[in-house]
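What follows is one structure encoded as structure tokens, with my remarks underneath.
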Amino acid sequence: MKPKTVVLVSLFVLVCIASLRAAPAAILKNVDVSQLSNNESEETIAVNPLNPDNIVIVTNVVVPAAGMFAAVSFDGGSTWASRIIGNNDNLGSACCDPSLSFDEFGNLFLTYLFNVGNTVPVALSTDGGLSFKLIANIAKPAASKTQTGSERRGLFRFVDQPTIVSGHGEVWVVFNGGGPIVATGAAVTGVGLVGAFSTPTPVAGTNNCTYGDVAIGPNGQVMQVCTLTESGQGGGKIYVNVDPDGLGPAGFGAHSIFVVDTHVGGFDFIPAQPDRSIDAEPGLAWDRTGGPHNGRVYLVYTLEQKNESDNMDIYVRYSDDDGATWSAGVRVNDDNTTNSQFLPKIALDPTTGNIAVVWYDARNDLGTGGTGDTDGIPNTDAQFWGAFSTDGGQTFTKNIQISAGTSNSSDAHNGIDYGDYSGLAFYGGIAHPAWSDNSNSTGNNPDGTLHQLDIYTASVPAPPTSP
Ligand SMILES: [Ca+2]
Ligand SMILES: [Ca+2]
Ligand SMILES: [Ca+2]
Ligand SMILES: [Ca+2]
């Protein structure tokens, strides 16, 4: 070759190497789990620790009027068998708000709301989610007020947004009991062996506190978190309260502990969630691994930097003293925009102690077209993103775009946009998020692109644990 050709070839090779290095991370394979016409949203997902290829998702549906979408995978989330449950079957007439939790025995617990009523059902599956049976129907304490409201998805029903968590030989349910958060627990001793639930008890300092979470610590202690107040667009304050001995004789604390002011009210409207609004959606994960951060409890929440700026960000704090004191907040999303990140979920991998956080994210919607903008208006469209921490919540990885596509909740005409929460399970080094998506990036949403929502998932591998 002539010298000039050699130079050109060398340049070509260099350009090729440079463009390889600059190539964005591979888009994760997305799976459309629901593939149903009309809207599915508000997803819960759980992984069976006895068979991590067994993953279960339950979500809201719009049609039928009674029921929830349920899907089971036995191949790590690649393929799913789905059905409608709670459509006046043995689970009754289900409205919505499902929450799932697998325990160390392989029991799968499910709680949700009935269409009508004053009670919170608990269902159990001992076959990996293929079938459920009702094991309890928890009545809220007579002392708490009884509002009436029979509308499906009513904002203020007499019981609201239950959450269930199990492990360490316990199962706990918390819900808004028409005022205070109400908590109840039961002992679990084996497959299908669930004791009677304790008398449902209002948690002190939680009146009108809602949209929270519950977690079980390494000594069986239980923490609930919630946000005051449940209305408006400002002034959201996160409180925790701990029952130091779980199912033992001690109860939750006489006072709730203030953690942080989020500027996110119970119904804080943002352009990407214009019909339903968002709350701070605090979530908990407690390390029971026996590893270096055993006993550390993590709190994820949404912070609006300046009230009503719509610049929501995702933060994590942790406590090593059962919630008495908390670390400074670490911002998880690493974008340089002032757009909204919202509806976060946190999960801890019981095999490593690593944590994963996922959320809806409008960072790529600058209103200038391109892949992150469907409508030419900034901050209206969302993708689904996530990050990991392998050092006990002190730092988070470079953020990962999980959704292959970009969704627009307004186009879904769901009434509640993406809903009030997203889903995440994390086991064996793989995070399994579940989110509402109308990008049709997989090409098999029966409603097409930018119409009604389907439920999507992906397998997101965690990075190696820090030394
Ligand atoms: Ca606000
Ligand atoms: Ca932001
Ligand atoms: Ca847009
Ligand atoms: Ca759908």
Side-chain angles (χ1 to χ4, degrees), residues 31-43 57 59-64 67-69 71 80 82 84 227-238 260-274 277-281 301-313 337-340 342 360-383 405-419 434-457:
V31 176
D32 184 341
V33 177
S34 63
Q35 297 180 45
L36 283 175
S37 61
N38 222 315
N39 284 300
E40 302 81 51
S41 60
E42 295 198 341
E43 42 285 309
I57 292 175
T59 81
N60 290 1
V61 296
V62 173
V63 176
M68 299 180 293
F69 172 77
W80 297 82
S82 64
I84 298 292
T227 305
L228 281 169
T229 68
E230 66 182 270
S231 60
Q233 301 207 69
K237 296 181 193 304
I238 291 177
V260 62
D261 195 333
T262 67
H263 305 146
V264 183
F267 294 93
D268 209 314
F269 290 88
I270 58 173
Q273 189 89 345
S277 70
I278 61 166
D279 69 285
E281 204 54 27
Y301 59 96
T302 312
L303 174 74
E304 187 171 26
Q305 295 290 0
K306 181 175 183 296
N307 195 22
E308 297 320 288
S309 65
D310 296 334
N311 182 11
M312 275 64 181
D313 289 325
T337 76
T338 56
N339 284 4
S340 307
F342 56 103
Y360 292 92
D361 194 317
R363 72 176 68 188
N364 283 329
D365 182 12
L366 303 179
T368 54
T371 54
D373 176 28
T374 71
D375 59 3
I377 306 167
N379 212 15
T380 56
D381 299 295
Q383 300 166 336
T406 301
S407 294
N408 184 292
S409 70
S410 186
D411 287 343
H413 302 289
N414 189 27
I416 56 167
D417 297 318
Y418 302 111
W435 71 95
S436 306
D437 192 306
N438 66 357
S439 71
N440 195 27
S441 65
T442 52
N444 51 357
N445 183 331
D447 295 308
T449 303
L450 296 175
H451 293 290
Q452 283 83 358
L453 299 159
D454 275 2
I455 303 302
Y456 276 48
T457 192

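Source: prediction; values computed, not measured. Counting starts at 1 for both ligands and their atoms, in listed order.
- Here P446 does not reach the Ca ion (ligand 4): none of its N/O/S atoms is less than 3.0 Å from the metal.
- D261 approaches L303 most closely through the heavy-atom pair O-CD1, 3.6 Å.
- The nearest pair of heavy atoms linking A412 to N438 is N-ND2, 3.8 Å.
- Distance alone, capped at 3.5 Å, is enough to place a donor-acceptor pair between the D373 side chain and the D375 backbone.
- The name of the N, O or S atom in D454 nearest to the Ca ion (ligand 4) is OD1.
- Closest approach of I278 to Q273, counting heavy atoms only: CG2-CG, 3.7 Å.
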Test side-chain hydrogen bond (donor to acceptor under 3.5 Å, both in side chains) on S37 and D447 and set out the steps. CA-CA 6 Å; S37 61; D447 295 308; 4.9 Å; no
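- Counting heavy atoms from C-beta on, the side chains of E308 and Q233 come closer than 4.5 Å.
- Protein atoms that are N, O or S and lie under 3.0 Å from the Ca ion (ligand 3) are these: D365 OD1, D365 OD2, D373 OD1, D375 OD1, I377 O, T380 OG1, D381 OD2.
- Among the backbone and side-chain atoms of N38, an N/O/S atom is found under 3.0 Å from the Ca ion (ligand 4).
- Counting heavy atoms from C-beta outward, E304 and N311 have side chains that stay 4.5 Å or more apart.
- Nearest heavy-atom pair, S436 versus E43, reported as atom, atom and distance to 0.1 Å: OG-OE1, 2.8 Å.
- For E308, the N, O or S atom closest to the Ca ion (ligand 1) goes by the atom name OE2.
- Looking at E40 and the Ca ion (ligand 4) together, the shortest N, O or S contact belongs to OE1.
- The minimum distance between the Ca ion (ligand 1) and any N, O or S atom of E304 involves atom OE1.
- H263 contributes atom O as its closest N/O/S atom to the Ca ion (ligand 1).
- Defined by atom type and a distance below 3.5 Å, a donor-acceptor pair is missing between the side-chain atoms of N414 and Q452.
- Taking backbone and side-chain atoms together, I455 has no N/O/S atom less than 3.0 Å away from the Ca ion (ligand 4).
- Looking at D268 and the Ca ion (ligand 1) together, the shortest N, O or S contact belongs to OD2.
- Between the side chains of D437 and S439, at least one donor N or O sits under 3.5 Å from an acceptor N or O.
- Side-chain atoms of Q383 and N364 form a donor-acceptor pair, as typed in the model, at a separation below 3.5 Å.
- With the Ca ion (ligand 4) as the vertex, O of L36 and O of L453 span 170° to the nearest 10°.
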